[in-house]
Amino acid sequence: MSQRITVDPITRIEGHLRIDVDVDGGQVQKAWASSTMWRGIEKILVGRDPREAWLFTQRFCGVCTTVHALTSVRAVEDALNLEVPLNAQYIRNVIMLSHALHDHIVHFYQLSALDWVDVTQVLKADPAKAAAIAESLSDWPGNSKEQMAAVKNKVKALVDSGQLGIFAHGYWGHPAMKLSPEVNLLAVAHYLQALEYQRYANQAVAMLGGKTPHIQNVAVGGVANAINLDSQATLNVDRLFQIKAVLDKVIPFVQKVYFPDVCAIAGMYPEWFGYGAGVTNYLSVPDLPLDTKSTQYDLPGGTIFNGDLASYKPIQGQKDEYWRKGVTESSAHSYYKGSDPLHPFKGETDPDFTDWQADGKYSWVKSPRFEGKPMQVGPLANVLCGVAAGNPLMVKWATRALDTISAVAKIKATPAHLHSTLGRHGARAIRTAVMSELATKHLQLLIDNILKGDTTIFNPPTFPTGTIEGVGFHEAPRGALSHWVVIDNGKIKNYQAVVPTTWNASPRDEKGQIGPYEAALLRNPVANAEHPLEVLRTIHSFDPCMACAVHTFDAEGNNIARVKVL
Amino acid sequence: MRVAIFGIGNVLAHDDAVGPSVARLLDAHWVFPPEVVVEDLGTPALELPTHLAGYDRVILVDAVKADAPAGTIRIYRRDEILRHPPGLRLSPHDPALKETLMLLDLTGEAPADLLLVGVVAKLTEMGVGLSDEVRASLRPAAEAVVAQLAEIGFTATRRETPRAPDLWWQAA
């Protein structure tokens with residue numbers, strides 16, 4: 001008999017992600033992903049000055065602030081065909097790369113590792129054995145027997161106190177948890193170290209962006225970081241080397257801790273390469289522009305259909321008609337008026353709320369489609385496109401990941417294994433390693449360009465009378481992000497943000513095609529309906545970012561989410 | 001001793017702008033001693049632990065949900081924030097003060113004391129502008145922060161010529 005499981009944010013908090021699954025025979029047979037909050041952000045921008053849109057868009061969300069700032073200025077610059085000085089491109093690139101390092105590290109350790117790691121098993125671990133396992137994976141200096149013993153004692157103190165604190169909400173002892181006590185200990189040790197190292201990545205963002213969250217240095221036409229090698233008050237050589245110093249701390253953590261941890265843990269759950277593929281159409285956009293006109297990019301992007309890397313078709317840039325004409329959004333199953341797919345320049349955001357209806361409207365998220373197809377976005381799309389395009393860094397780190405997974409799992413891991421729940425974690429680690437190399441490279445490009453005598457940072461925008469349209473895109477930590485702006489006589493007439501989680505969490509469209517979350521949940525095992533850890537594993541692997549707006553402390557102590565079984 | 005006063009919230013979600021608004025009002029109307037930082041943190045989410053680490057005392061201002069009329073000011077101490085266990089989080093990004101404090105307890109970086117000056121919200125959907133009830137609570141909330149600061153031994157003094165707070169998101 002089929003059971004409906006609802007994992008739902010508590011009713012008194014507007015918003016966030018809700019998942020409904022029908023489980024039969026221990027497997028998910030049907031799935032619905034929905035958001036319970038109206039994202040009416042676009043309406044706030046209509047009538048405003050396009051030069052200020054980025055200030056607003058980076059307040060959309062509590063997680064992805066920087067990415068919305070960068071994408072917004074790109075959209076307006078695209079509408080104006082405004083060139084961006086090289087220094088500004090490189091500064092933005094270093095910000096983007098540093099932000100991604102921070103975001104991916106936090107996603108793995110703080111937000112999803114405990115779906116796979118059982119903290120309570122740490123008490124049974126032998127610190128010497130844990131240190132030996134760690135040494136077999138890398139020469140990271142933070143893996144000594146003494147350090148492992150200290151972490152074990154810390155967890156023991158927590159358990160003895162009867163208060164698990166931050167670890168209190170895990171599904172400890174769940175039958176789907178399979179790591180040895182020593183690997184659990186190693187992972188918890190790195191969970192604690194990650195808290196320190198993600199901060200260095202964020203410091204690099206703040207050193208260029210002024211502060212985080214909500215960077216202050218971007219502008220339509222460039223950046224506001226004055227460059228003067230002779231002035232202490234501006235971006236100078238000292239400052240650039242301080243940025244290099246913080247990046248030099250975080251890069252080894254990525255390459256020697258995060259990357260091998262993901263490969264090793266993935267190799268210990270080989271069955272999860274068989275779950276969670278879902279939609280295997282992928283969309284990624286090129287990023288890290290290398291010229292003032294944004295026609296050359298350091299990382300490629302494009303589309304892949306039906307999981308076939310040979311189908312890769314590149315997107316050349318924001319002006320590419322393949323990209324520009326390919327995107328539409330459907331509201332057939334979303335709480336908005338209208339049901340015909342609309343291009344973002346013509347997009348509407350008029351609410352039409354109904355109750356949650358399995359066969360009708362059930363989400364505030366729209367259904368973006370590319371040439372009519374649902375697409376998965378995120379690091380997996382980015383890595384598969386990079387590998388298909390033959391990008392040397394992507395190929396290098398993807399090969400290294402598959403080799404490590406193969407050695408641990410004693411299987412022959414191939415790119416086909418990446419179409420899965422674990423593949424999304426693996427791809428995120430691959431992408432982070434690639435970006436750790438690129439962070440150093442783009443900082444050096446900036447330094448070299450300044451040393452050549454170029455101190456230009458800004459080309460002032462001028463707005464024509466009449467109507468212009470622009471699109472800005474960015475390969476954000478959660479995937480392809482695009483802002484679509486229509487400007488009329490210098491004021492915003494329409495603004496649509498097609499965000500990564502909209503692609504992935506999209507509900508059914510007008511043709512009944514399900515979205516990537518929904519598709520990925522099909523045939524997932526569920527051992528215990530009351531504790532649907534397996535559902536969380538697959539959803540968390542996408543790095544969902546739904547809680548964009550409201551983060552109110554609930555004084556009545558309601559849990560953030562609950563599980564209801566019917 | 002290092003003290004921080006942080007306004008938290010999304011300025012584009014109506015009453016959730018109360019934290020940033022109070023932080024900016026404090027900065028425009030009062031002068032604080034050098035040990036005290038006053039900042040609109042916006043929506044720090046995953047970065048909240050980084051911002052709180054290293055301070056001895058922290059006063060947060062944020063919108064809250066409580067069974068009380070909109071605009072009511074309530075002060076929550078550390079123990080009350082930690083009273084309930086953390087919930088299951090579906091979206092790993094649900095930013096939560098409670099989890100932040102627990103994380104900092106684990107790393108030994110938690111402020112010795114933290115309190116939350118909460119203002120009960122009426123509207124928290126997307127949109128610009130505070131409800132009348134919450135707008136009327138801005139000055140009392142700012143004064144509550146100043147009073148709490150005085151209790152831990154720091155005096156803020158009113159500016160002779162207060163500036164208009166920079167609430168840039170409200171301008172058309």
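In what follows, chains are A, B, ... by sequence order, proteins preceding strands, each numbered from 1.
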* Asked: Quick check: are there more than 12 heavy atoms from other residues, nucleotides or ligands sitting under 6.0 Å from CZ of R159(B)?
  -> yes

Residue pairs meeting ring-ring contact (aromatic ring centres under 6.0 Å, His included), one or both in residues 35-58 of chain B, sequence neighbours left out, come to F6(B)-Y55(B)

Cut-off 4.5 Å, heavy atoms of chain A, and the answer for L60(B) is neither

Given N202(A), L192(A), V106(A), L195(A), the one with more heavy-atom pairs under 4.5 angstrom with chain B than any other is N202(A)

query: Could you walk me through whether K154(A) and D105(B) pass the salt bridge (charged side-chain N to carboxylate O under 4.0 Å, His left out) check?
result: CA-CA 11 Å; K154(A) 196 167 225 173; D105(B) 278 344; over 6 Å; no

dist T43(B):OG1 -> Q58(A):CD (nearest 0.5 Å) comes out at 8.5 Å

Expected contact set for residues 23-34 of chain B against chain A at heavy-atom separation under 4.5 Å reads R24(B)

When rounded to the nearest 0.5 Å, the distance separating CG of L103(B) from OH of Y191(A) is 5.0 Å

Distance col, row L12(B):CG vs R59(A):CZ, nearest 0.5 angstrom, shows 8.0 Å

*asked:* Strictly distance-based, threshold 3.5 Å: is any side-chain N or O of H214(A) a donor or acceptor partner for the main-chain N or O of P44(B)?
replied: no

Of all heavy-atom pairs linking K211(A) and D40(B), the shortest is NZ-O, 3.2 Å

Closest non-hydrogen contact found for R48(A) with W169(B) is NH2-O, 3.5 Å

Looking only at heavy atoms, the pair that brings L41(B) and P213(A) closest together is O-CG, 3.4 Å

Notebook entry, point to check: Are any of the side-chain heavy atoms of L106(B) and L158(A) separated by less than 4.5 Å?
Noted result: yes

(Q) Can you confirm whether R135(B) is buried at CZ, in the sense that more than 12 heavy atoms of other residues, nucleotides or ligands lie under 6.0 Å from that atom? (A) yes

CD of E47(B) to CD of Q198(A), rounded to nearest 0.5 Å, is 8.0 Å

